[in-house]
Amino acid sequence: VNFFGIPLVGFADGFCGQTNKLVEYKTGKKEWTQKRADDHGQIDMYLLMHFITTKIKPEEMSCQFVWLPTQELADMSIALVDPVVPHIFNTKRTTADIVKFGARVKKVYEEMCEMVDKKISTDEALA
């Protein structure tokens, strides 16, 4: 989507437009908690993009994080913990949350553009 001239690209792991449900799967050794799921910006990003595209507010969406714990094996490979037990966290967002996230995106984008401009100016001065 285009967000004030900033191209945003993202794909949720699971999404159903008929039921307004979004699911994000996570693996890893670090434990996911309800707070961690509630604070994770990836859902904010998806809901911001969805709102831009459809005008459906985050309050109308059902969102879940599903954590599948992993472990490091003796050969240093990574595998799901056996037995596989999904940890499911229902999480909600508000319109205020995605507005705040959008402001963060704009700020970071502007800072990145300034860094690039400064780098180009420095490189030109050194040339």
Side-chain angles (χ1 to χ4, degrees):
V1 301
N2 185 316
F3 177 67
F4 295 101
I6 304 167
L8 302 178
V9 178
F11 300 93
D13 291 330
F15 179 80
C16 179
Q18 293 178 329
T19 62
N20 288 337
K21 186 169 184 176
L22 184 150
V23 179
E24 188 64 20
Y25 295 95
K26 295 295 181 191
T27 58
K29 295 189 296 185
K30 184 176 178 183
E31 180 180 4
W32 279 85
T33 63
Q34 185 65 55
K35 179 172 178 14
R36 190 173 176 208
D38 290 341
D39 292 344
H40 196 61
Q42 194 169 359
I43 294 289
D44 298 317
M45 174 80 157
Y46 294 148
L47 292 177
L48 173 62
M49 293 172 62
H50 187 60
F51 178 76
I52 291 167
T53 304
T54 66
K55 303 301 181 227
I56 294 175
K57 295 180 179 180
E59 294 85 353
E60 300 174 47
M61 299 293 297
S62 168
C63 302
Q64 285 185 332
F65 265 90
V66 179
W67 174 48
L68 303 168
T70 60
Q71 60 187 336
E72 188 173 332
L73 302 178
D75 65 359
M76 299 183 72
S77 64
I78 303 292
L80 293 171
V81 172
D82 189 21
V84 176
V85 178
H87 299 258
I88 300 170
F89 302 96
N90 293 308
T91 185
K92 296 295 289 176
R93 299 296 190 278
T94 65
T95 301
D97 292 329
I98 66 167
V99 167
K100 182 178 174 183
F101 185 81
R104 182 176 161 205
V105 167
K106 286 173 69 175
K107 181 178 184 279
V108 169
Y109 183 79
E110 289 166 2
E111 290 170 350
M112 291 172 69
C113 288
E114 287 175 19
M115 288 176 57
V116 168
D117 290 344
K118 189 179 287 186
K119 171 79 170 117
I120 290 170
S121 296
T122 302
D123 288 350
E124 289 172 351
L126 295 174

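Sequential numbering from 1 along the given sequence is applied to the chain's residues.
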hydrophobic_cluster_shared for [Y] and [X], side chain cutoff 4.5 Å:
{"X": "Tyr46", "Y": "Phe3", "answer": "yes"}
{"X": "Tyr109", "Y": "Leu8", "answer": "yes"}
{"X": "Leu47", "Y": "Tyr25", "answer": "no"}
{"X": "Val84", "Y": "Val23", "answer": "yes"}
{"X": "Ile52", "Y": "Val99", "answer": "no"}

Look up atom [atom1] in [X] and atom [atom2] in [Y], then write down how far apart they are to the nearest 0.5 Å.
{"X": "Met49", "Y": "Asn2", "atom1": "CE", "atom2": "CG", "answer": "11.0 Å"}
{"X": "Thr54", "Y": "Asn20", "atom1": "OG1", "atom2": "CG", "answer": "7.5 Å"}
{"X": "Ile88", "Y": "Leu68", "atom1": "CD1", "atom2": "CG", "answer": "9.0 Å"}
{"X": "Asp44", "Y": "Lys100", "atom1": "CG", "atom2": "NZ", "answer": "9.0 Å"}
{"X": "Lys35", "Y": "Phe89", "atom1": "NZ", "atom2": "CZ", "answer": "13.5 Å"}
{"X": "Met45", "Y": "Glu24", "atom1": "CE", "atom2": "CD", "answer": "12.0 Å"}

Does the [X] side chain pair with the main chain of [Y], one donor and one acceptor, at a distance under 3.5 Å?
{"X": "Trp67", "Y": "Thr33", "value": "no"}
{"X": "Gln34", "Y": "Asn90", "value": "yes"}
{"X": "Arg36", "Y": "Glu31", "value": "yes"}

Other residues, nucleotides and ligands only: do more than 12 of their heavy atoms fall within 6.0 Å of NZ on Lys92? yes

Near Lys55 NZ, under 6.0 Å, is it more than 12 heavy atoms from other residues, nucleotides or ligands? yes

Shortest non-hydrogen pair, Thr94 vs Glu59, comes out as CA-OE2, 3.3 Å

Minimum heavy-atom distance between Val85 and Pro69, given as atom pair plus value: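 Minimum heavy-atom separation between Val85 and Pro69: O-CD, 3.7 Å.
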
Going by heavy atoms in the side chains, are Glu72 and Lys29 under 4.5 Å from each other?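 Glu72 vs Lys29: side chains touch.
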
For residues Phe101 and Arg93, determine if any side-chain heavy atom of one lies less than 4.5 Å from a side-chain heavy atom of the other.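 No, every pair of side-chain atoms sits at 4.5 Å or beyond.
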
Thinking salt bridges, do Lys106 and Glu110 make one under a 4.0 Å N-O criterion?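 No, Lys106 and Glu110 are not salt-bridged.
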
Lys107 and Glu111: CA distance, side-chain angles, deciding distance, salt bridge (charged side-chain N to carboxylate O under 4.0 Å, His left out) verdict: CA-CA 6 Å; Lys107 181 178 184 279; Glu111 290 170 350; 2.8 Å; yes

Taking the six-membered ring for Trp, are Trp32 and Phe65 closer than 6.0 Å centroid to centroid? yes

